Amino acid sequence: MAELRETPLLRFAGVSVRFGSIVALADISFEVRRGEILGLIGPNGAGKTTVFNCLSRLCAVHQGEIEIEGRSLLALSRHEVSGHGIARTFQHVALFDTMSVLDNVLSGTHTRRRAGFLTDALRLPAVRRSEHAARAKARDLLAQLGLSELEDVAVADLPFAVKKRVELARALASDPKLLLLDEPAGGLNHEEVEQLGDLTRQVRERFAVSIIIVEHHLNFVMRISDRVVALDFGKVLAEGTPAEMQAHPEVIRAYLGEPS
Amino acid sequence: MRGAAGRSARARLVLTALVATAALVAPFLLGDYQVYQLSVIVVYIVAVLGFDLLTGFTGQVSLGQGAFFALGAYTGVIALTKLHVPYAATPVLAGAVCFVVGTLFGRTVARLEGLYLALATFALAIATPQILKLDALDAWTGGSQGINFGKPASPLPTLLNDDRSLYFLCLAFAFLLYTGAWNLLRGPTGRALVALRDQPVAAATVGIDVAAYRSTAFGVSALYTGVAGALGALVAGFISPDSYTLFLSIQILVGGVIGGITAIGGAIFGGAFIEIVPDLVSKISDAAPWALYGLLLIVCIMVMPGGVAGLARSILHAAEKSRKARPR
Ligand SMILES: Nc1ncnc2c1ncn2[C@@H]1O[C@H](COP(=O)(O)OP(=O)(O)OP(=O)(O)O)[C@@H](O)[C@H]1O
Ligand SMILES: [Mg+2]
């Protein structure tokens, strides 16, 4: 009997990205399975953020194919990606600065709603209902992430670490299947990084999402990931479970061997 | 926090009630010329609303609103004089035509940002009066003479004279468009517009079709401006190309900035500023009214960087803070 292999949630197949003469990604292939947390590690400039930018359709892919649930992601435009269940946070935070925390999270629901200029201008009952539901959902998310107190605060006034958390709430508001977290531990102290680990796992259970997490805190990644992909100079250096990775000679040479 | 939101909502309600009462009562206390001026203010309020939607909320700088104002005016008057459309319906037609043209223009310039977009819209503004004077269009536009059709007569002469009836027509359109803008901006569409202004890349990743929203916002802004143009033409009783120069576009921009481009309530001040201040300064100084106007502008911008609306907002904010600081 032929083995029925479950289609992976996400598949990178031989993806290359160049910026002028810089090769940011060179023939990258890997998969993300449903419900898994995949750690993506690598030194500065290895191409981790570029992987995310490919998924958000923010950069041109020169070669290869990316599939989300077996369908070509490269056929989508930027704004269609979230409709296919991919949501992200940004390494340097990209919130809507003039909006409140609540409005930022509400913006995250955009892709799950039908907004029209005319229906909104008339504020039809359907608009009112969907706005009401979106608010309830956004408030619930804020509560789960411990941000309720900050609902009305302008995001521009928040510290970096809190902004990162608001971005997480905004990403979750779109009911993603795949969550991309780019250095979520930025601005956190040691203890808070520990808590973030627990939170990330909770998020995976509660929202039934797969997660790709990019982080420089190696212990953190090894602790929470099911599998880890290590990039170096745009290539996949190694791939495996955290235990395998910690024993991998290349990885040891590239990171773990270095005195910290 | 809830309490503060409730209080500011109440303050807004009181303010709205005051403005509405004044708008309904004032024409009966004023002479015909002043009622005419009041109508012009309302027309400019609508135009400034259109500017705020585009430049304030969507972040697309436009120096070409005068072009859509002219397009609205000419569409309205041609519909009135050639097609015999009832005059009260001509702003609707003008708005529709401007919406289509504005959306198409917005789509063409969707990739342009900041100064480049400003330049493209500047081109519109600078070209418009000359296009309106073209011989080829003479049969429709009346060339450099324009069209003198006379103010439409009041449908209820016993109740309202012509100027007052036109004023209430303007007020009805302004009310509808203001309410529409208010609803739009507090719903998902308004959020999408502000999102793509603040952070277009992140806006796209939450599912906002940035180019489509930008061009539709352009269309909606043109609709507002076009309705204003058609109303302005009715109120004046004539149109001519020289009323729609680049200076009109700049005045709409000034009204927007003075009122505060990111709060639609500011449009009320902006509209009033456009109509009243040039008159006022020329009464004060014969020799150099525009120097005085310029000085006033600079002072306004220095004193209220967020426009009148921004000032009002920060006063409310300060009041809220001192209330909290007070011991109970
Ligand atoms: N938009 C861009 N234009 C030109 N070069 C780029 C662009 N984005 C990324 N690069 C280059 O591509 C390479 C990979 O960058 P990327 O941001 O993906 O690295 P990273 O692994 O996320 O690094 P870090 O850990 O510092 O965030 C780098 O050499 C970077 O300079
Ligand atoms: Mg990076």
Side-chain angles (χ1 to χ4, degrees), chain A residues 52-53 55-58 77-84 86-90 93-100 102-124 127-128 130-131 134 148-153 155-156 167 170-171 173-174 176 180, chain B residues 1-6 8 49 53 56-59 99 103 176-221 223-224 261-263 306 313 317 320:
Chain A
F52 284 7
N53 287 346
L55 288 168
S56 301
R57 301 290 287 118
L58 299 180
S77 347
R78 286 177 190 189
H79 68 273
E80 292 168 334
V81 169
S82 67
H84 284 73
I86 300 179
R88 73 176 288 181
T89 66
F90 292 84
V93 173
L95 286 169
F96 307 124
D97 270 343
T98 63
M99 292 187 196
S100 68
L102 182 67
D103 277 333
N104 266 279
V105 180
L106 279 170
S107 303
T109 66
H110 187 90
T111 198
R112 300 287 163 217
R113 306 172 64 183
R114 260 176 290 154
F117 277 80
L118 192 60
T119 50
D120 278 18
L122 298 173
R123 204 156 176 92
L124 295 181
V127 175
R128 213 170 294 199
S130 114
E131 189 69 3
S148 293
E149 300 282 288
L150 302 174
E151 192 179 298
D152 293 326
V153 177
V155 289
E167 266 200 330
R170 181 179 69 185
S174 67
L180 313 175
Chain B
M1 290 281 171
R2 284 295 146 67
S8 83
L49 274 178
L53 281 173
F57 289 90
T58 319
F99 175 75
T103 306
L176 284 177
L177 291 177
Y178 189 94
T179 310
W182 171 252
N183 284 339
L184 190 73
L185 292 172
R186 71 191 171 125
T189 301
R191 249 189 329 262
L193 295 178
V194 174
L196 68 87
R197 175 197 73 191
D198 279 4
Q199 193 21 284
V201 169
T205 64
V206 298
I208 295 164
D209 185 346
V210 173
Y213 270 89
R214 277 198 177 140
S215 56
T216 311
F218 224 108
V220 172
S221 171
L223 182 155
Y224 275 68
I261 50 173
T262 56
R313 205 180 279 167
H317 213 77
E320 197 54 48

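Just so you know, these numbers come straight off a predicted model, no measurement behind them. Residue numbers begin at 1 in each chain, while the letters A, B, ... track the order of the sequences.
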Tell me, side chain or backbone of [X] under 4.5 Å from chain A's heavy atoms, or both, or neither?
X: B/Leu185; result: neither
X: B/Val194; result: both
X: B/Ala181; result: neither
X: B/Arg197; result: side chain

Given a strict heavy-atom distance threshold of 4.5 Å, which part of [X] is in contact with chain B: side chain, backbone, both, or neither?
X: A/Ser107; result: both
X: A/Glu80; result: neither
X: A/Arg170; result: side chain
X: A/Arg78; result: both
X: A/Leu58; result: side chain
X: A/Phe90; result: side chain

Could you pull out the closest heavy-atom pair between [X] and [Y], with the gap in Å?
X: A/Ala94; Y: B/Ala202; result: O-CB, 3.2 Å
X: A/His110; Y: B/Ala192; result: CE1-CB, 3.8 Å
X: B/Leu184; Y: A/Phe117; result: CD1-O, 3.2 Å

Practice problem: Using the test side chain to side chain donor-acceptor pair (under 3.5 Å), find all partners of B/Thr189 that sit at least two apart in sequence or belong to another chain. | Solution: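 For B/Thr189, the residues satisfying side chain to side chain donor-acceptor pair (under 3.5 Å) (neighbours in sequence not counted) are A/Asp120.
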Quiz prompt | side chain to side chain donor-acceptor pair (under 3.5 Å) involving A/Arg88 - partner list, sequence neighbours excluded | solution = A/Asn53, A/Ser56
Quiz item: Could you name the residues of residues 212-219 of chain B that have a heavy atom within less than 4.5 Å of a heavy atom in chain A?
Solution: B/Tyr213, B/Thr216, B/Ala217
Quiz item: Rounded to the nearest 0.5 Å, what separation is found between the CG atom of A/Leu118 and the CG atom of B/Asn183?
Solution: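 Atom-to-atom, A/Leu118:CG and B/Asn183:CG are 11.0 Å apart.
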Exercise. Give, for atom CZ of B/Arg186 and atom CZ of A/Arg123, the distance between the pair rounded to the nearest 0.5 Å.
Key: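 That separation rounds to 4.0 Å.
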Quiz item: Of A/Val155, A/Leu95, A/Thr98, A/Asn104, which meets side-chain contact (heavy atoms from CB on, under 4.5 Å) against B/Asp198?
Solution: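 The single option meeting the side-chain contact (heavy atoms from CB on, under 4.5 Å) with B/Asp198 is A/Thr98.
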Quiz prompt | Summary of side chain to side chain donor-acceptor pair (under 3.5 Å) pairs that have at least one residue in residues 199-211 of chain B, sequence neighbours excluded | solution =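 Those involving residues 199-211 of chain B are A/His79-B/Asp209.
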Quiz item: If you count heavy-atom pairs under 4.5 Å between each of A/Glu167, A/Met99, A/Arg128, A/Arg112 and chain B, which one has the most?
Solution: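 Most pairs with chain B among the choices: A/Met99.
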